[in-house]
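Inspection log for the structure reproduced underneath, given as structure tokens.
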Amino acid sequence: RLTAWGRSSASVSRVWDVESTADTLTVMNSAGKRGLLARGYARSYGDVCLNEGGEVVSTLNRARIHSYDTEAGTLVCDAGTSYRAIMQHCLPHGWHPPACPGTAQVSMGGAIANDVHGKNQHLVGSFGDHIDWFDLRLPDGALQRVTPDADPDLYAATVGGIGLTGVIETVQLRLQRAPSNAMLLKEVRIPNLDAFLEQLRAGEETHEYAVGWIDALTTGPNMGRGILELASPAQRSVAEPSVRSIRVPFEFPSALLNRHTVRAFNAGYLRRVPLGGRERPVHVNKFLYPLDAIRDWNRLYGTRGVYQFQCAVPFAEARTAIIELMEEILRSRGASFLAVLKSFGRDAVGMLSFPTPGFTLAMDFPRRAETTQLVHRLYEIVIRYNGRVYLAKDALLTPEQLRAMYPTVNRFEAVLRRVDPQGRMQSDMSRRLRLGVR
């Protein structure tokens with residue numbers, strides 16, 4: 001029985017812990033009508049890494065770093081290699097991975113399949129912008145080295161393609177310079193949404209990283225208040241942080257997550273930054289991977305799990321769209337620990353990649369009977385304002401909603417028909433969204 005990080009979806013599959021190319025070929029030859037799917041650390045939220053009744057290829061035993069050029073800043077590794085392993089290997093030499101998501105427990109195969117992004121997407125793009133090549137085990141068993149130039153359609157269908165073009169085996173990526181192990185972090189309290197949208201964009205002009213943490217339960221003139229974090233690499237290193245982290249020891253009762261407890265938490269979180277703001281050096285891991293500070297934090301949402309909603313809306317419509325989204329959440333009496341606000345500066349390379357120029361807003365909702373209807377209402381608002389949602393976070397999107405958000409679906413499916421005419425690569429998400437061979 002498998003779940004993803006959100007634990008809102010589950011499936012029963014046969015899991016293969018592959019250690020070699022021969023193992024992967026064995027799985028491909030064993031796949032039946034429900035097909036196969038590769039799976040890394042499963043830090044996605046919905047059903048993108050699940051394959052009910054089919055085969056699942058766990059890549060975590062294939063996590064070797066093959067080569068590392070400390071001068072050019074390039075690294076070749078297996079698809080199961082994590083951001084954490086690369087940080088440990090490369091940071092002492094002045095490099096770290098590009099386009100870092102909120103947790104270091106993400107494999108390179110998962111980073112490609114979901115085209116992950118970080119707090120610096122406005123400047124460097126997403127993960128697919130930093131790959132020289134990857135070796136892809138196609139559904140028929142053949143191995144193909146894929147580059148942005150040699151087969152651009154297959155490249156664009158695999159980057160952000162939620163694992164449906166084959167099993168990624170090896171990747172060469174370009175790293176990012178790190179003058180030290182630290183970031184110089186500036187934190188500022190922001191009074192409302194208008195100020196947030198303005199100061200976030202202004203901060204991106206002077207800082208490499210920018211992200212906002214919003215209290216999603218405030219109304220009136222304070223709607224959208226929160227904390228803006230701006231950061232750039234520091235020139236001097238700081239002491240290594242303690243390896244100890246807090247762990248949530250058990251599943252919290254779902255009743256504890258309500259508007260009153262979340263409102264109290266949000267108010268306390270806001271007060272942790274002084275009224276005049278503050279600036280300080282912090283270790284790069286603490287800034288890039290905040291979700292790793294508390295182990296098993298998904299237990300806070302109880303045994304039923306959590307739905308995460310993350311959308312991107314073009315800049316021109318963003319203010320009106322975000323207000324509508326937040327008002328809908330308030331009307332529904334939904335409760336989310338701090339909405340996360342960032343901006344995207346460019347389109348991503350993948351046909352189903354999430355980033356597109358605009359603001360992106362992410363919120364968590366405990367999985368309850370009424371949550372499904374709320375999330376679908378939020379989807380319709382996003383569609384109305386020409387936006388899209390992140391498939392790595394999704395568990396509820398319909399095929400019609402997907403096609404309204406991603407007009408490139410037909411191009412994506414044309415590639416699938418070319419490389420996988422038998423529909424051997426499958427997932428719970430691909431069947432839910434009716435992607436691929438039908």
Side-chain angles (χ1 to χ4, degrees), residues 37-38 40 44 48-49 74 79 97-99 101 106-118 121-122 124-140 142-174 310 312 314 344-358 360 386-394 397 399 402-421 423-427 429-430 433-438:
L37 181 72
S44 53
V48 67
C49 65
T74 57
V106 171
S107 70
M108 295 300 99
I112 292 173
N114 296 283
D115 197 14
V116 299
H117 60 272
Q121 201 281 343
H122 63 279
V124 305
S126 52
F127 193 77
D129 293 301
H130 303 274
I131 301 168
D132 288 328
W133 53 261
F134 52 83
D135 287 337
L136 181 67
R137 185 68 58 179
L138 295 169
D140 65 1
L143 186 67
Q144 180 171 336
R145 177 155 292 182
V146 183
T147 73
D149 299 321
D151 192 337
D153 281 350
L154 182 56
Y155 186 89
T158 304
V159 172
I162 58 176
L164 297 182
T165 60
V167 178
I168 299 164
E169 295 203 350
T170 315
V171 58
Q172 176 169 304
L173 65 146
R174 300 184 301 277
Q310 184 171 1
F344 292 148
R346 65 172 87 170
D347 281 311
V349 299
M351 295 176 184
L352 296 185
S353 292
F354 172 59
T356 186
T360 174
N386 303 305
R388 60 179 59 166
V389 299
Y390 193 10
L391 297 184
K393 308 292 182 68
D394 176 63
L397 205 65
L402 172 74
R403 283 156 175 77
M405 295 177 181
Y406 287 90
T408 51
V409 167
N410 289 340
R411 285 181 56 212
F412 176 75
E413 291 187 312
V415 176
L416 295 188
R417 287 192 294 271
R418 169 163 67 94
V419 301
D420 190 16
R424 302 185 78 184
M425 304 302 300
Q426 295 185 38
S427 68
M429 174 173 275
S430 74
L433 296 177
R434 297 202 291 272
L435 280 170
V437 177
R438 299 192 289 274

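Just so it is clear, the values below take in all heavy atoms, side chains as well, and ignore hydrogens, waters and symmetry mates. Along the sequence shown, residues carry numbers from 1. Since we're looking at a predicted model, the values are computed, not measured.
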Item to complete: Test side chain to side chain contact (heavy atoms under 4.5 Å, CB included) on Leu37 and Gln426 and set out the steps.
Response: CA-CA 6 Å; Leu37 181 72; Gln426 295 185 38; over 6 Å; no

Worksheet, complete the sentence: Rounded to the nearest 0.5 angstrom, the CD1-OG1 distance for Ile131 and Thr74 is 13.5 Å

Worksheet, complete the sentence: Result for side-chain contact (heavy atoms from CB on, under 4.5 Å) between Pro98 and one of Val116, Leu173, Val124 points to Leu173

Discussion item. I'd like to check Leu136 versus Val419 (side-chain heavy atoms, cut-off strictly below 4.5 Å). Are they in contact?
Written reply: no

Practice prompt. Enter the distance from His122:NE2 to Arg346:CZ here, rounded to the nearest 0.5 Å.
Written response: 10.0 Å

Practice prompt. Nearest 0.5 Å please: distance from the CG atom of Asn386 over to the CE atom of Met405.
Written response: 11.0 Å

Worksheet entry | Side-chain donor/acceptor of Arg434 to backbone N/O of Pro399, under 3.5 Å | no

Item to complete: Could you tell me which non-hydrogen atom of Ala157 sits nearest to which non-hydrogen atom of Phe412, and how far apart they are?
Response: O-CE1, 3.2 Å

Practice prompt. Could you tell me whether a side-chain N or O of Thr408 sits under 3.5 Å from a main-chain N or O of Arg411, the two making a donor and an acceptor?
Written response: no

Worksheet item: For the residue pair Gly40 and Ser107, what are the closest heavy atoms and their distance?
Response: CA-OG, 3.9 Å

Discussion item. Side chain to side chain contact (heavy atoms under 4.5 Å, CB included) for Met351 and Asp153? Distances and angles first, verdict last.
Written reply: CA-CA 9 Å; Met351 295 176 184; Asp153 281 350; 4.0 Å; yes

Worksheet entry | Minimum side-chain heavy-atom gap Val167-Met425 below 4.5 Å | yes

Discussion item. As an exercise, state the distance from CG of Asp135 to CD of Gln172, rounded to the nearest 0.5 Å.
Written reply: 10.0 Å

Worksheet item: Going through the distances and angles, do Met429 and Leu435 end up as a side chain to side chain contact (heavy atoms under 4.5 Å, CB included)?
Response: CA-CA 8 Å; Met429 174 173 275; Leu435 280 170; 5.5 Å; no

Practice prompt. Quick one: closest heavy-atom pair of Phe127 and Ala99, and the distance?
Written response: N-CB, 3.6 Å

Worksheet item: Is the shortest heavy-atom distance from the side chain of Ile168 to the side chain of Val146 under 4.5 Å?
Response: no

Item to complete: For the pair Asp394 and Val48, evaluate side chain to side chain contact (heavy atoms under 4.5 Å, CB included) and give the outcome as yes or no after the intermediate values.
Response: CA-CA 8 Å; Asp394 176 63; Val48 67; over 6 Å; no

Worksheet entry | Student check: side-chain heavy atoms of Gln121 and Phe354 closer than 4.5 Å | no

Fill in: Under 3.5 Å donor-acceptor, Tyr390 side chain and Ala312 backbone
no

Discussion item. Which residue is it: Thr158, Leu164, Thr165? I am looking for the one with a side-chain contact (heavy atoms from CB on, under 4.5 Å) to Ile162.
Written reply: Leu164

Discussion item. Testing the basics here: between Ser126 and His130, what is the closest heavy-atom pair and its distance to 0.1 Å?
Written reply: O-CD2, 3.2 Å

Item to complete: Mark yes or no for whether Tyr155, through its side chain, and Trp133, through its backbone, hold a donor-acceptor pair below 3.5 Å.
Response: no

Worksheet, complete the sentence: Distance col, row Tyr406:OH vs Leu433:CG, nearest 0.5 angstrom, shows 10.5 Å

Worksheet entry | Non-hydrogen atoms of Ser353 and Arg388 that approach each other most closely | O-NH1, 3.1 Å

Worksheet item: About how many Å separate CG of Leu416 and CZ of Arg424, when rounded to the nearest 0.5 Å?
Response: 14.5 Å

